[in-house]
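So you know, we letter chains A, B, ... as the sequences are listed, proteins then strands, and number each from 1.
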Amino acid sequence: MKLPKIYEAKEYEENIYALWEKSGVFTADPHSKKERFSISMPPPNETGTLHLGHALFVTLQDVMSRHARGQGKDVLWLPGTDHAAIATNALIEKQLATEGTNKHEIGRDDFLKRTKEFVGNSRDTINTQIRAMGASVDWSRSRYTLDDTLNRCVNEVFVKMYNDGLIYRGHRIVNWDPNLETNVSDDEVDYKEELGKFYTFQYGPFQIGTARPETKFGDKYVVMHPDDKRYAQYNHGDTFVAEWINGPITATIIKDESVDPSFGTGVMTITPWHSQIDFEIAERHGLDKEQIIDFHGKLLPIAKEFAGMDIAEARPKIVAKLKSLGLLVTENGEYMHSIATNSRGKGVIEPQIRLQWFIDVNKPVMDWKGKRCSMKQVMQAVVNDGDIKIIPKNYEKVYFNWTNNLRDWCISRQIWWGHRVPVWYRTNGDGEVETFVGVEMPTDTSEGWHEWEQDPDTLDTWFSSSLWTWSTLIDQDLAKDPTLSLQDLFDRSIDYKTYHPTTVLETGWDILQFWVARMILATTYVTGEVPFKDVYLHGLVRTENGRKMSKSDPETIIDPIEVIGEYGTDALRLALVQGTSAGTDQRLGKSKILANRNFCNKIWNIARYVEDVVGDDLDREGTKAISAADHWILHKLAAAQQKISDDITQYRFSEAYETLYHFIWDDFADWYIEASKVEPNISLLAYVLENVLLIAHPFAPFLTETIWQTLAWENDSVLAGKQLRTILRSDSKEAAAFQEVQAIVTEIRFITSAMKVSGVSLHYSDAPFIWEHNQIIQRLARLKEVSEAESQNNDGLYLTSSKQRCWLDIDTATAQNYLRELQAKEGRQIAVIKQLEGRLGNESYVKNAPKEVVEQTKQQLQEAQDLLSTLEVETQRFTITPTEVTGP
RNA sequence: GGGUGAUUAGCUCAGUUGGCUAGAGCAUCUCGUUUACACCGAGAGGGUCGGGGGUUCGAGUCCCUCAUCACCCACCA
């Protein structure tokens with residue numbers, strides 16, 4: 001088949017993916033006897049569209065998965081999507097707002113219905129785009145965080161934790177988003193710096209500072225450090241009456257060590273309902289807590305004349321009033337403070353006290369390796385003990401740092417989209433409340449009791465995500481049977497038994513805490529095993545200038561879908577792999593994608609050439625190495641295949657790719673194919689091409705499969721389902737002979753290029769090696785001819801890279817100019833020899849260094865000395881006989 | 001305030017447990033249309049591996065220190 005000169009990726013990719021899906025090569029087979037390799041794909045938001053972060057993780061996980069298949073493993077790469085509770089909820093609320101309505105007006109049921117309709121369509125988008133990236137995932141096992149099975153798992157875990165006393169309900173300060181009317185986790189709070197005003201007010205005998213006067217209505221405690229000498233005359237518990245916003249107030253003095261005496265006046269009042277720190281102080285001393293701002297962000301009746309106002313509106317008015325009362329001491333307009341915002345909804349966070357559900361991370365209820373441990377302890381143990389390996393290793397420190405400071409995890413959210421808390425309440429006429437915690441809604445009815453009503457809260461998205469590695473492997477049919485326990489489901493789900501723990505989790509370092517740590521927490525607790533053995537953390541993809549790509553700055557965004565259309569998926573994948581390393585951010589620009597597009601085209605043209613030479617019929621019988629070049633390329637191929645495998649297995653993707661790149665471009669294309677034009681070995685050429693396609697496949701699946709499908713001598717087969725082969729053996733002496741040919745050719749190219757001569761010939765005398773390889777040398781070095789001379793003479797330029805006596809017929813005057821190069825080379829050699837001699841002359845080196853290293857040094861020295869003596873002969877020839885070169 | 005990482009060629013980055021005469025891609029310069037490929041081929045230039053000190057036979061690699069930059073966490077009454 002005749003292929004066009006240029007590889008036009010978009011003409012093939014869709015069909016190739018369809019071919020793969022049809023062939024079933026991505027479908028895992030738990031009944032096979034093969035070694036297992038399993039990855040859970042981090043589920044993208046179902047409403048999302050593909051960005052470079054997805055492109056990167058798909059690429060890396062695909063490289064691993066395809067490579068594992070190539071190694072003959074049974075691979076499960078399980079895809080799925082996440083319901084992204086807060087983000088989706090916010091999106092729908094925004095839609096409602098533009099329609100002039102809101103969630104309360106349409107009600108919970110309609111809201112959920114609407115959300116489901118909306119996300120139903122958008123999930124196709126992200127899944128299509130993941131296909132476009134070439135992801136070799138098992139679509140038959142695709143899961144969604146709100147699937148019935150996963151929902152059941154969520155409820156089962158909640159109930160189990162509740163029964164173990166790990167889940168409790170309590171009044172705590174939460175990060176309240178008044179826009180979305182939900183709380184968000186600490187990790188989802190973004191702080192941004194903002195210039196604001198800082199006020200100092202007179203409060204009884206004290207001066208107190210604040211940036212938030214609107215919270216101060218109810219303040220009736222002044223807090224200071226117990227050792228602050230300025231306030232030594234005041235005792236803990238003393239009271240005084242202070243004139244305040246809405247009249248006199250009786251205040252109590254509290255001494256607490258959390259106050260920083262050097263900040264401001266060293267005295268502050270507290271607002272326990274709206275500040276974490278203040279809440280903690282109040283808890284320590286058993287103080288009253290009063291709500292000032294309601295859950296919509298408006299002031300409560302305690303603010304009297306200001307009640308019902310928004311904070312922004314009320315603040316200046318309150319300051320004005322305090323000023324009129326003569327209580328404003330100073331006003332500093334340039335106070336830098338950070339504003340807490342919801343990273344999902346962008347609303348400004350108002351700390352509030354709410355009744356919330358929490359997971360206790362410190363309660364020792366787990367049996368782990370024979371010890372009674374808390375979740376926090378297990379989280380640390382699995383990494384400490386090496387049950388889970390984090391790559392790169394330095395992120396273990398980040399992980400420990402985070403787990404050390406871990407507080408109880410607030411898992412309830414007040415939004416509607418998500419897994420609803422599996423708790424039901426009912427009341428009776430006497431106002432008594434009964435609580436039921438269970439997987440299914442209770443069905444019993446009792447005289448005098450009202451209907452059961454479910455807790456309105458939903459669970460943090462990360463709660464369901466934390467079960468991802470195993471909840472996705474639970475048999476969906478079994479999960480429908482309510483008589484089976486969670487343990488039964490584990491015991492009877494063949495996928496779970498076969499593929500869990502997963503081999504590796506591949507994700508970005510930015511969600512180490514959100515997701516990775518929580519998966520470890522929940523999975524060790526529920527299943528008694530780790531969710532994955534290795535964690536590979538990739539870096540973020542940044543712009544060419546090192547900035548974060550951001551939606552607010554669309555110029556900076558590289559859209560993978562656009563890139564795929566223009567350069568092909570493989571070019572994008574290769575660009576993402578090239579120069580990536582664990583935990584390190586990378587920069588991606590067009591030039592890098594272009595370079596890799598060119599590499600794809602190179603492979604394409606290699607294939608075109610080989611197909612052209614081989615023709616439609618290939619005789620595989622007796623495929624073997626004949627020439628030195630044949631032996632050499634087999635040797636290189638075997639080495640490359642091995643190194644690429646090792647590197648991928650050890651997550652050194654960039655290095656694996658570099659090896660592949662140089663093997664294909666430098667060794668195969670530039671040397672072997674060129675050499676084979678002189679000494680063709682057609683079956684071996686085809687053999688090397690096939691193996692190149694096999695080893696390149698994980699990196700550039702579309703291109704390699706496209707080529708594979710066009711190979712007329714291949715039977716119906718899918719490259720994606722092929723295993724790596726054991727490379728034919730080669731003779732190392734023959735391979736070394738080709739390396740000598742390379743050295744000779746390289747030297748001739750250097751000389752002719754440096755001297756700007758062409759059409760020169762190489763002569764030799766008593767040099768059977770040159771005679772043997774004369775054709776290949778002639779062609780690769782672009783010589784006029786290679787011929788045997790009757791005797792050696794002083795004309796021409798002798799080669800120094802080989803012991804063979806051979807010389808270029810360059811006229812002596814030109815050759816004289818080459819003396820400079822020779823002398824420079826000589827200088828370098830002398831320096832090298834000096835260093836090597838110094839090393840070997842050092843007794844402790846010879847004594848302490850490993851034997852093979854010393855041997856290697858000796859060999860290096862020998863080679864360097866040989867080369868030097870050859871160089872010396874040459875330079876002398878020029879130096880001694882300057883008169884002879886002038887000529888007539 | 002606590003922590004982590006980075007600093008290697010003009011640019012972007014590799015460089016495993018110390019064994020290096022420090023690599024790659026892009027860019028630059030010179031030459032070149034040859035049974036695939038100009039999205040190509042051949043060749044070249046370019047680095048006291050941020051500064052200083054130390055350990056070692058040997059340091060880009062380990063330790064200390066300084067400088068600069070980036071990021072994460074906590075927090076600012």
Visitor: Students often get this wrong, so: under 4.0 angstrom with heavy atoms, is A669(A) touching a base, only sugar-phosphate, or nothing?
Guide: base

Visitor: Quick check on rC37(B): is either OP1 or OP2 less than 4.0 Å from any side-chain nitrogen or oxygen of K5(A)?
Guide: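 The answer is yes; a side-chain N or O of K5(A) sits under 4.0 Å from OP1 or OP2.
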
Visitor: Nearest whole Å is fine: how far is rC73(B) P from D510(A) CG?
Guide: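 Going from CG in D510(A) over to P in rC73(B) covers 10 Å.
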
Visitor: Would you say a side-chain N or O of K602(A) is under 4.0 Å from OP1 or OP2 of rG41(B)?
Guide: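 The answer is yes; a side-chain N or O of K602(A) sits under 4.0 Å from OP1 or OP2.
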
Visitor: Is the distance between the ring centroids of F599(A) and F699(A) less than 6.0 Å?
Guide: no

Visitor: Choose from rC71(B), rU35(B), rG43(B) the nucleotide whose nearest atom is closest to any side-chain atom of K677(A).
Guide: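 Out of rC71(B), rU35(B), rG43(B), the nucleotide with an atom closest to K677(A)'s side chain is rU35(B).
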
Visitor: Go through the side-chain N and O atoms of T403(A) and Q380(A) and say whether any donor and acceptor fall under 3.5 Å apart.
Guide: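 Side-chain D/A pair, T403(A) to Q380(A): present.
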
Visitor: Which whole-number value in Å describes the distance from K847(A) NZ to rU56(B) P?
Guide: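 Interatomic distance, NZ of K847(A) to P of rU56(B): 14 Å.
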
Visitor: Surrounding CD of Q775(A) (heavy atoms of other residues, nucleotides or ligands, distance under 6.0 Å), is the total greater than 12?
Guide: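 Count not over threshold, so no.
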
Visitor: Kindly compute the distance separating CD1 (I606(A)) from OH (Y672(A)), expressed to the nearest 0.5 Å.
Guide: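 If I round to the nearest 0.5 Å, the distance is 13.0 Å.
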
Visitor: Under a 3.5 Å cutoff, is there a donor and acceptor pairing between the side chains of D219(A) and Y203(A)?
Guide: no

Visitor: How long is the straight-line distance from CD of E350(A) back to OG1 of T215(A), given to the nearest 0.5 Å?
Guide: 8.0 Å

Visitor: For rA77(B), does either OP1 or OP2 sit under 4.0 Å from a side-chain N or O belonging to R212(A)?
Guide: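 False: R212(A) side-chain N/O out of range (4.0 Å or more) of rA77(B) OP1/OP2.
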
Visitor: Heavy atoms, side chains only, cut-off 4.5 Å: are Q862(A) and Q859(A) in contact?
Guide: no

Visitor: When only distance counts, do a donor and an acceptor, one from the side chain of E674(A) and one from the base of rA42(B), lie under 3.5 Å apart?
Guide: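 Under the 3.5 Å cut-off, the side chain and the base do not form any donor-acceptor pair.
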
Visitor: Give the rounded distance in Å between these two atoms: OH of Y7(A) and P of rA36(B).
Guide: 22 Å

Visitor: Name the closest nucleotide to the I277(A) side chain, picking from rC13(B), rC75(B), rG41(B).
Guide: rC75(B)

Visitor: Rounded to whole Å, please give me the gap between CG in N601(A) and P in rC40(B).
Guide: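 Checked: the CG to P distance equals 7 Å.
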
Visitor: Could a donor-acceptor pair under 3.5 angstrom be found where the side chain of K756(A) meets the base of rC31(B)?
Guide: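 In this structure, the two groups form no donor-acceptor pair.
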
Visitor: Using a heavy-atom cut-off of under 4.0 Å over every strand shown, decide if D585(A) touches base, sugar-phosphate, or nothing.
Guide: nothing

Visitor: Roughly, in whole Å, what's the span from CZ in F750(A) to C1' in rG43(B)?
Guide: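 Result: 8 Å.
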
Visitor: Could you check V267(A) against T746(A) and say which one's nearest nucleotide on RNA chain B is further toward the 5' end?
Guide: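 With V267(A) and T746(A) compared, the 5'-side residue is T746(A).
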
Visitor: Using heavy atoms to find the nearest nucleotide of RNA chain B for A595(A) and K643(A) separately, return the residue whose nucleotide is more 5′.
Guide: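 Final value for this comparison: K643(A).
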
Visitor: Assign the ring pair Y536(A) / F653(A) to parallel, tilted or perpendicular, where the plane angle (0 to 90°) is split at 30° and 60°.
Guide: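 Ring orientation of Y536(A) relative to F653(A): perpendicular.
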
Visitor: From OH of Y399(A) over to P of rC73(B), roughly how many Å is that when rounded to an integer?
Guide: 17 Å

Visitor: Base, sugar-phosphate alone, or nothing: which one does T857(A) contact when heavy atoms must sit under 4.0 Å apart?
Guide: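 If one applies the 4.0 Å heavy-atom cut-off, T857(A) turns out to touch nothing in the nucleic acid.
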
Visitor: Measure from the side-chain heavy atoms of S591(A) and tell me the nearest of rC26(B), rC39(B), rG41(B).
Guide: rC26(B)

Visitor: When you get a sec, tell me which of rU4(B), rC40(B), rA77(B) is the closest nucleotide to the side chain of V398(A)?
Guide: rU4(B)

Visitor: Considering only the P atoms, how many Å lie between rU35(B) and rU30(B), rounded to the nearest integer?
Guide: 26 Å

Visitor: Based on Watson-Crick and G-U pairs with both distances under 3.5 Å, what dot-bracket line describes RNA chain B 5' to 3', crossing pairs as [ ] and inter-strand pairs as |?
Guide: (((((((..((((.....[...)))).(((((.......))))).....(((((..]....))))))))))))....

Visitor: Rounded to the Å, how far apart are E747(A) CD and rA44(B) P?
Guide: 12 Å

Visitor: Starting from C1' on rA38(B), measure out to CG on N598(A) and report it in whole angstrom.
Guide: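 Answer to the nearest Å: 10 Å.
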
Visitor: Judged by atom type as modelled, is there a donor-acceptor pair below 3.5 Å linking the side chain of E257(A) to the main-chain atoms of P226(A)?
Guide: no

Visitor: So, is R779(A) near the phosphate of rU35(B), with a side-chain N or O under 4.0 Å from OP1 or OP2?
Guide: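 Yes, such a contact exists.
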
Visitor: Less than 3.5 Å between a donor and an acceptor, one on the side chain of R597(A) and one on the base of rC39(B), is that the case here?
Guide: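 Flag set: donor-acceptor pair detected.
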
Visitor: State, without any angle test, whether E280(A) and Q276(A) hold a side-chain donor-acceptor pair at a distance under 3.5 Å.
Guide: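 Yes, a side-chain donor-acceptor pair sits under 3.5 Å.
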
Visitor: Can you build the contact string for nucleotides 17-24 of chain B? Use B for base contact, S for sugar-phosphate-only contact, and - for no protein heavy atom under 4.0 Å.
Guide: --B-B--S

Visitor: Any base atoms under 4.0 Å from V259(A), or only sugar-phosphate, or nothing? Heavy atoms, all strands.
Guide: base

Visitor: Where the side chain of W509(A) is defined as all heavy atoms beyond and including C-beta, which of rC13(B), rC71(B), rA14(B) is the nearest nucleotide?
Guide: rC71(B)

Visitor: Closest to the E655(A) side chain: rC37(B), rG15(B), rU4(B)?
Guide: rG15(B)

Visitor: Just checking, any donor-acceptor pair under 3.5 angstrom between side chains of Y657(A) and N596(A)?
Guide: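 N596(A) and Y657(A) do have a side-chain donor-acceptor pair below 3.5 Å.
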
